[in-house]
Amino acid sequence: MSDRKVRVRFAPSPTGALHIGGVRTALYNYLFAKKNGGEILLRIEDTDSNRFVPGAEDYIIESFKWLGIKFDEGVGIGGPHAPYRQSERREIYKKYVQQLLDSGHAYYAFDTPEELEAMRAATPNFQYDARTRQQGKNSLTLSKEEVDQRIAAGEKYVVRIKVEPDENIEVDDLVRGKVVINSNILDDKVLYKAADELPTYHLANIVDDHLMEITHVIRGEEWLPSAPLHVLLYRYFGWADTMPQFAHLPLLLKPEGNGKLSKRDGDRLGFPVFPLRWVDPKTGDVSSGYREAGYLPEAIINFLALLGWNPGLDRDLFTMQEMIDLFSFEHVSKSGARFDYEKAKWYNHEYLINMQDEELTDQYYLPMLQQKGIACDRDKALKIVALVKSRINFPADLWEQSSFFFERPTSYDEKSLKKRWKPESPALLTELVEVLAPISNFDIEGTEKIVMDWIEAKGYNTGTVMNSFRITIVGAAKGPQMFDVTAILGKEETIARVKAALAVIK
RNA sequence: GGCGGAUUAGUGUAGUGGCCUAGCACGCGACCCUCUCACGGUUGAGACUCGAGUUCGACUCUCGGAUCCGCUACCA
């Protein structure tokens, strides 16, 4: 078994947008597969016909495409084990359900929802198992003739697993170690529904993982309680020798309060919980996405990877390849990780300021300016981006940080004025205009030298002059070095702004 | 309620019995840089859930309490 090629899968059900927690699960699967020279496949688990949401599958595929997680086979790609959509594998499952029925590890049950309801109401903590299945209408209590008759009559039966009682089931988990559970607490889970001719998750999952030669099942912690059932299924099928290894990942928790991260937290706290924007086809509700919010996929990947896993190094920035090389379940934590949106922003900031000026300019800045109808040649745009990029968290911030290059301030920040505008500012600036006016070459060094010499000669306070100057040019006490700004603005505009401000600020 | 899992600063984590006066990062504060805001650098406050054991010695092992999380569907 250990010499089998590593094969993992990510198997979401298409019930809506792909949750960020699901993205992390997929990411860990991906990292593990690549680390071990293995393969990862994408399977769609749409065995619940009632919860199917159109568009969800495409959304999932597009999300991973954006994030840079490439699957080796599966839905949208194909492969030797196609089809990868469970709703298209009906006939396959039927065969295996029959195998379990024949070997006595499963049985037919005809109990109606109402009858089940009644049983639950009558017995506290009721569960359909070895102790209670005598009360049900199933092929264990009914005669063979009646069972055949009911099925022949088209009655909507269900197939349940027959869990043998009093057995300790061991689950070997890559992150949690050995977990032992007694079969008495397991119920006879439904494996197959005749109503839609589809298996439930448990059956389909085990059959597919076996058929698709999955070696490692890496999934969320919510599956840990049903892992023993899955172990049983492998055993009942006779596949125990090739049973995959399990790894149950800790959950992603709400940033504040109790519980796991949900869609509503994003709405409430104002951050996305989905990779891409999603419009619910039924309700029309719109959920924001990381892509549309201006996140770089690399930043999201890095952030998510370190939420529950840590390579044990004293740094936080890793490329996908580095993470692949470093990934190991030994360093996956066992407890749930609170989602920290501030850190997500920091990651984006880091990835953005580490981008080349050219890339930021061509990919984001120039298109942004064009959309606003602002003419600006590439050289100038490049210079501006270089000056402001250290202050941005999102590409959109590029505009906020640089708009003053294109738009003369129409108002002046109150706080800045209060702190930096001195009684002598108007006189100083009036004089500055006279100093600037004769300068023929308005470049950075030249202008700076002339202005600084003037300040020194007159014995003025550099801070007072420069900050007052800054307010008239930028509109607030912020931004790049002043002469970098004026060199881009040019003499005419610089002087015009000072004069305009002088006329407005009292 | 039952069963399972978990528990290091506000958050993500390092730590595998003595190296811990518990490290790193985000966030918060200060200082330096400086014409401002960022960036960068330095730095401050801030944590081993509690109680018993085991041990010469426990953040690290065992047991119990507390708390949190998950599961408990003809959903995944």
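Per chain, numbering begins at 1; letters A, B, ... match sequence-line order.
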Polar-atom pairs under 3.5 Å, protein N or O versus N or O of nucleotides 58-63 of chain B: list them with distances, or write none.
none

Practice problem: For the side chain of A/Trp346, starting at C-beta, report the closest nucleotide among B/C24, B/A38, B/A25. | Solution: B/A25
Quiz item: For A/Asn50, which residues count as a side chain to side chain contact (heavy atoms under 4.5 Å, CB included) partner, sequence neighbours excluded?
Solution: A/Asp48
Pull out every protein N or O sitting under 3.5 Å from an N or O of nucleotides 40-47 of chain B, one pair per line with the distance.
none

Quiz item: Who passes side chain to side chain contact (heavy atoms under 4.5 Å, CB included) against A/Asp397, sequence neighbours left out?
Solution: A/Ile392, A/Asn393, A/Phe394, A/Glu400
Practice problem: Might you point out which heavy atoms bring A/Gln86 and A/Leu198 nearest each other, and give the distance in Å? | Solution: O-CD2, 4.2 Å
Quiz prompt | Protein-to-nucleotide contact annotation, 5' to 3' order, nucleotides 66-76 of chain B [B base; S sugar-phosphate only; - none; under 4.0 Å, heavy atom] | solution = --SSSS--BBB
Provide a list of protein-nucleic acid N or O atom pairs under 3.5 angstrom, restricted to nucleotides 32-36 of chain B.
{"from": "B/C35", "atom 1": "O2'", "to": "A/Asn467", "atom 2": "OD1", "distance (Å)": "2.7"}
{"from": "B/C35", "atom 1": "O2'", "to": "A/Asn467", "atom 2": "ND2", "distance (Å)": "3.3"}
{"from": "B/C35", "atom 1": "O2", "to": "A/Arg470", "atom 2": "NH2", "distance (Å)": "3.2"}
{"from": "B/C35", "atom 1": "N3", "to": "A/Met482", "atom 2": "N", "distance (Å)": "3.1"}
{"from": "B/C35", "atom 1": "N4", "to": "A/Gln481", "atom 2": "OE1", "distance (Å)": "2.2"}
{"from": "B/C35", "atom 1": "N4", "to": "A/Met482", "atom 2": "N", "distance (Å)": "3.4"}
{"from": "B/U36", "atom 1": "O4'", "to": "A/Asn467", "atom 2": "OD1", "distance (Å)": "2.9"}
{"from": "B/U36", "atom 1": "O3'", "to": "A/Arg420", "atom 2": "NH2", "distance (Å)": "3.4"}
{"from": "B/U36", "atom 1": "O2'", "to": "A/Ala477", "atom 2": "O", "distance (Å)": "2.3"}
{"from": "B/U36", "atom 1": "N1", "to": "A/Arg470", "atom 2": "NE", "distance (Å)": "3.4"}
{"from": "B/U36", "atom 1": "O2", "to": "A/Arg470", "atom 2": "NH1", "distance (Å)": "3.4"}
{"from": "B/U36", "atom 1": "O2", "to": "A/Lys478", "atom 2": "N", "distance (Å)": "3.3"}
{"from": "B/U36", "atom 1": "O2", "to": "A/Lys478", "atom 2": "O", "distance (Å)": "3.4"}
{"from": "B/U36", "atom 1": "O2", "to": "A/Gly479", "atom 2": "N", "distance (Å)": "3.0"}
{"from": "B/U36", "atom 1": "O2", "to": "A/Gly479", "atom 2": "O", "distance (Å)": "3.3"}
{"from": "B/U36", "atom 1": "N3", "to": "A/Arg470", "atom 2": "NH1", "distance (Å)": "3.4"}
{"from": "B/U36", "atom 1": "N3", "to": "A/Arg470", "atom 2": "NH2", "distance (Å)": "3.0"}
{"from": "B/U36", "atom 1": "N3", "to": "A/Gly479", "atom 2": "O", "distance (Å)": "2.3"}
{"from": "B/U36", "atom 1": "O4", "to": "A/Arg470", "atom 2": "NH2", "distance (Å)": "3.4"}
{"from": "B/U36", "atom 1": "O4", "to": "A/Gly479", "atom 2": "O", "distance (Å)": "3.1"}
{"from": "B/U36", "atom 1": "O4", "to": "A/Pro480", "atom 2": "O", "distance (Å)": "3.4"}
{"from": "B/U36", "atom 1": "O4", "to": "A/Gln481", "atom 2": "N", "distance (Å)": "3.3"}
{"from": "B/U36", "atom 1": "O4", "to": "A/Gln481", "atom 2": "NE2", "distance (Å)": "3.0"}

Quiz item: Between A/Glu330 and A/Phe339, which has a closest nucleotide on RNA chain B that is more 5'?
Solution: A/Phe339
Quiz prompt | Which residue lies more 5' along RNA chain B, comparing A/Arg176 with A/Trp309 via nearest heavy atoms | solution = A/Arg176
Exercise. Taking all non-hydrogen atoms of both residues into account, name the closest pair between A/Ser262 and A/Asp265 and its distance.
Key: N-OD2, 2.7 Å
Practice problem: Provide the distance between the two C1' atoms, one in B/G12 and one in B/U8, to the nearest whole Å. | Solution: 12 Å
Self-check item: Sugar-phosphate, base or nothing in reach of A/His331, heavy atoms under 4.0 Å
Solution: sugar-phosphate
